[in-house]
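Each ligand, and each atom within it, is numbered from 1 in the order the structure gives. These values consider heavy atoms only, across backbone and side chains, with no hydrogens, waters or symmetry-generated copies.
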Amino acid sequence: MFADRIQPFGTTVFSQISALSRKVGAVNLGQGFPDFDGPATVLQAAASAIGQARNQYAVTFGEPELRQAIAQHSQRFYGQQVDAESEITVTSGATEAIFCAGLAFLNPGDEVVVFQPCYDSYAPAITFAGGVPVPVTLHAPHFRFDPDELRRAITSRTRALFINTPHNPTGTVFTHDELLLIAELCCQHDLLAVSDEVYEHILFGEAQHLRLATFPGMAQRTLTISSGGKSFSVTGWKVGWAMGPQPLQAALRRVHQFSVFSTATPLQYAIAHALRLPDSYFTELRSDYQARRDALAVVLRQAGFSPIVPEGSYFILTDTSSFGRGDAIAFNHWLISEIGVAAIPISGFYQSGNHGDNLLRFCFCKQWATIEEAGRRMEKIQEQGGRGGKVGG
Ligand code: PMP
Ligand code: GLN
């Protein structure tokens, strides 16, 4: 009754955990969405666009106003020149751009290198198009890849490489040297790169976001994907975009026009406004998230975890094996039902091996009160046996 291609995939872990969390009234530190609103002027810009009759179909590849704002943003932050007319397609979130990329660029049997753990939509985007994801592991505890493992993963069948920096769920920010090696290998093997940079503005300490597309030889072979959801705390708007050379855009637009045709018009005007916010907005976003990251790390340490503090993204990973409550999936169910806090087990983000079986992801894009309430609830972990505890099982 159903197509074979969907058999390996169930409902996403994000939807499952959010539903369970709502049902039992848990504090949801699972699915990555802010529980606060985006900047008031951005919300106002959406309302104004609706009031100004921006309510019919948008240009299929994006309203000119938004494409110009995306091009200016690329110039401002990366010194990268992108032609607004021919090198940008606006999509319904980064998710749609990733999905269209699979259908636009892969033929059945094409191999695609992905760094695992990898965001949950990559494997379906690749396999629905007939492609084959080939994982290269980011090794704990620092979640870096082994250059030889990357070299070995590339074969004569490799067509593309998907990368995500800053990285969900590990928080790794790929360094200049790592990106340089990736760029050299892409050029050497004539690979297409799909670079998911949705957390480009969520960075901590000295971490710097570098664009793969700006490395030598990469401009003509990279599709850079981003989204307004993370940078402006409006994940429900689903306004994303894909930048890259005209031939890649032409292919992507052919798929995009038949998948959604166009993305919500008034929200495109609001994201155009958001992308033009002053530098101070982006600096404050960064320092605000750094403070929340540090607060959640304290909460987790007090609860007995040893969190791996990220360089970017809004997620913290932590190992659960020493609690003696099974793998991270079992631990998370116990955490939700007995402690009242929800997180995300990341084993489903791996294509092969059992590397992440004991890793749990907590997100800190939450109100201070939410983080504090999670902290109060997690004090009970120690009361119920804490580290090494076998109480109840
Ligand atoms: N890529 C990564 C790495 C993500 O974490 C997410 C989740 N927000 C997306 C893509 C999807 O972004 P969007 O909500 O814009 O579709
Ligand atoms: N990107 C979000 C996360 O990693 C989830 C988005 C979704 O639910 N599709 O938590």
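- Proximity of Asn168 to ligand 2 is established by a heavy-atom distance of less than 4.0 Å.
- Judged by distance alone, the side chain of Thr265 and the main-chain N or O of Ala58 form a donor-acceptor pair under 3.5 Å.
- From the protein, the heavy atom lying nearest to atom 8 (O) of ligand 2 is Gln31 NE2, 2.7 Å.
- Ligand 1 has a nitrogen or oxygen under 3.5 angstrom from a nitrogen or oxygen of Asp196.
- Each of the following atoms of ligand 1 lies closer than 4.0 Å to a heavy atom of Tyr199: 3 (C), 4 (C), 5 (O).
- Contact annotation for Arg361 and ligand 2: only side-chain heavy atoms (C-beta onward) come within less than 4.0 Å of the ligand.
- Neither the backbone nor the side chain of His167 comes within contact range of ligand 1; no heavy atom lies under 4.0 Å.
- The ligand atoms of ligand 2 that sit less than 4.0 angstrom from a heavy atom of Lys230 are 1 (N).
- For atom 14 (O) of ligand 1, the closest non-hydrogen atom of the protein is Lys238 NZ, 3.1 Å.
- Checked by atom type, the side-chain pair Arg361/Asn168 shows a donor-acceptor distance below 3.5 Å.
- Residue Phe315 places a heavy atom under 4.0 Å from ligand 2.
- Scanning the protein for heavy atoms near atom 11 (C) of ligand 1, the closest one is Thr95 OG1, 3.2 Å.
- Here is the list of ligand 1 atoms found below 4.0 Å of a heavy atom in Asn168: 3 (C), 4 (C), 5 (O).
- Residues Tyr199 and Asn164 bring no donor and acceptor atom of their side chains to less than 3.5 Å of each other.
- Aromatic ring pairs are classed by plane angle as parallel below 30°, tilted from 30° to 60° and perpendicular above 60°; the pair Phe215 and His176 is tilted.
- Residue Thr235 has no N or O atom closer than 3.5 Å to an N or O atom of ligand 1.
- Side chain to side chain, His333 and Glu338 fail the donor-acceptor criterion of an N or O pair below 3.5 Å.
- Only side-chain heavy atoms of Ser227 come within less than 4.0 Å of ligand 1; its backbone N, CA, C and O stay farther off.
- Atoms of ligand 1 found under 4.0 Å from any heavy atom of Asn164, numbered from 1 in the order shown, are 3 (C).
- Among the atoms of Tyr119, none of the N or O lies under 3.5 angstrom from an N or O of ligand 1.
- There is no side-chain donor-acceptor pair under 3.5 Å between Thr222 and Arg211.
- Remark: ligand 2 and Gly32 share an N or O pair separated by less than 3.5 Å (distance only, no angle test).
- Here Gln246 pairs with Ser86, Ala250 under the side chain to side chain contact (heavy atoms under 4.5 Å, CB included) rule; sequence neighbours left out.
- Ile316 CD1 to Ile308 CD1: the interatomic distance, rounded to the nearest 0.5 Å, is 10.0 Å.
- Aromatic ring centres of His209 and Tyr78: separated by under 6.0 Å.
- Heavy-atom separations between Lys230 and ligand 1 include at least one value shorter than 4.0 Å.
- Between the NZ atom in Lys230 and the CD atom in Glu197 there is a gap of 14.5 Å [rounded to 0.5 Å].
- Of all atoms in ligand 2, listed by their number and element, those nearer than 4.0 Å to a heavy atom of Tyr119 are 1 (N), 4 (O), 5 (C), 6 (C), 7 (C), 9 (N).
- Close N/O approach between Ala94 and ligand 1 is found [any backbone or side-chain N/O within under 3.5 Å].
- Classified by interplanar angle (parallel below 30°, tilted 30° to 60°, perpendicular above 60°), the ring pair His201/His73 is perpendicular.
- Counting only residues at least two apart or on different chains, the salt bridge (charged side-chain N to carboxylate O under 4.0 Å, His left out) pairs with a member in residues 290-305 are Asp288-Arg292.
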